[in-house]
Protein chains: 2
Amino acid sequence: MIPGKFAITLHILTLLTKSPDEFLSSEYIAGSMNINPVLVRKEIGNLKKHNVVESREGKFGGTRLAKPAAAISLEDIFNMTFNSVSLGYSKNDPNPDCPVGKKINENLDVLYKSINTKICKQLKDISLLQFTSNF
Amino acid sequence: MIPGKFAITLHILTLLTKSPDEFLSSEYIAGSMNINPVLVRKEIGNLKKHNVVESREGKFGGTRLAKPAAAISLEDIFNMTFNSVSLGYSKNDPNPDCPVGKKINENLDVLYKSINTKICKQLKDISLLQFTSNF
DNA sequence: ATTTTTGTAATATATTTTATTACAGTAATG
DNA sequence: CATTACTGTAATAAAATATATTACAAAAAT
């Protein structure tokens, strides 16, 4: 998973919220966060897939929100950009002949799933509109 | 931050919990998780710094818990191995001339801090002993 | 003395992220 | 209807990060 995905997506959506109904170009958006426009377009592609934004191609093209910022929760954004929160796994497959190695990952999974559930619950109550009200 | 740090450390501590009072070698531990012994020794160094384990050098040396597994919480381990949970930041510094770019990171910080607080509260109630009881 | 282990530094390899380049397709506008 | 300014997407390059490896001094058991 791309570490910056959630942050970049939220940044994009904040800009779109702050310019309602305007079509912003990927280059303009990229300029606000100092990253490459192609990366912005990729994340916008993801947002479009989830019907959160809509784009117009061609001259004066760009992207805008497809629904009110009040109707988008941070949980929605989280689910679109994050597989799940985790505190990590060891890179290699553990030794299956070791009683601990054999079960460590499933036990981590249980733990991480429960963390995840709580985070989702927390993010569900924050709308994009609310988040952007601090700018 | 090293992604596998928490998982590796928890794996080490689980092994130590399952062999109370025995000094386990870094090579044995590394074998259970299929990683390099040097990486294990590094994480053990971190655990020693926090007085969670103690090591003995020389022949038949190794590491064991320095206190009962019931007295170690997953929050303790989390705090030793994770700076803080976050949903990520965009890699580059955002544009300070953009009202959104200027404030995005502090707003993300607020969000992530609140997520973090809840996770810590959750982890505080799980002891290492409890976690290892599922093996 | 020899062996086995920790502790630690330095370096190399692998992996993952991000950036860049390139270009076809679309739509507005003179 | 040519030109301009965009999107969409693929392919590749570069940078950053994580992990592995090598090496060796120091410690302790026998």
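Within every chain, numbering begins at 1; the chains are lettered A, B, ... in the order of the sequence lines, protein sequences first and strands thereafter.
Residue-to-nucleotide proximity on DNA chain C shows that, of B/G58 and A/R56, the 5′-proximal contact is made by B/G58. In terms of position on DNA chain C, the residue among A/V38 and B/K42 whose nearest nucleotide sits closer to the 5' end is B/K42. Between A/S55 and B/G4, it is A/S55 whose nearest contact on DNA chain D lies nearer the 5' terminus.
Contact between the side-chain N/O atoms of A/S26 and the OP1/OP2 oxygens of D/dT7 is found at a separation under 4.0 Å. A close approach under 4.0 Å does occur between a side-chain nitrogen or oxygen of A/N36 and OP1 or OP2 of C/dT20. For B/N34, no side-chain nitrogen or oxygen approaches OP1 or OP2 of D/dA20 to under 4.0 Å.
Taking atom NZ on B/K49 and atom P on C/dG7, their separation rounds to 13 Å, with Å as the unit. Between the C1' atom of C/dA14 and the CG atom of B/L39 lies a distance of 14 Å, rounded to the nearest Å. Put simply, CD1 on A/I44 is 14 Å from C1' on D/dT9, counting in whole angstrom units. In this entry the distance linking CG of B/L24 with C1' of C/dT5 reads 13 Å, nearest Å. Spacing between atom CZ of B/F60 and atom C1' of D/dT30 amounts to 8 Å, rounded to whole angstrom units. Following rounding to the nearest Å, B/Y89 (OH) and C/dT17 (P) show an atom-to-atom distance of 18 Å. Protein atom CD of B/E57 is 7 Å distant from nucleotide atom P of D/dA27, rounded to whole Å. Atom pair A/F23:CZ and D/dT7:C1' shows a separation of 12 Å (rounding to whole Å applied).
Residue B/I35 places its side chain closer to D/dA20 than to any other of D/dA29, D/dA20, D/dT9. Of the listed nucleotides (C/dT5, D/dA10, D/dA20), D/dA20 has the atom at the smallest distance from the side chain of A/K91. Here the nucleotide nearest the side chain of A/N92, chosen from C/dT29, D/dA20, D/dA23, is D/dA20. In this structure, the nucleotide among D/dT22, C/dA27, C/dT6 sitting nearest to the side chain of A/K59 is C/dA27.
From A/L10, atom CG reaches atom CG of A/L15 across 10.0 Å, with rounding to the nearest 0.5 Å.
A 6.0 Å sphere centred on CG of A/D93 holds no more than 12 heavy atoms belonging to other residues, nucleotides or ligands.
Annotation for B/P99 and A/F135: closest pair O-CD2, 3.9 Å, computed over non-hydrogen atoms.
Classified by interplanar angle (parallel below 30°, tilted 30° to 60°, perpendicular above 60°), the ring pair B/F6/B/F82 is perpendicular.
Using a 4.0 Å heavy-atom cutoff across all strands shown, B/G62 reaches sugar-phosphate atoms only and no base atom.
Residues A/R64 and A/E22 are not paired through a salt bridge, judged by the lack of any N-O separation under 4.0 Å between the basic side chain and the carboxylate.
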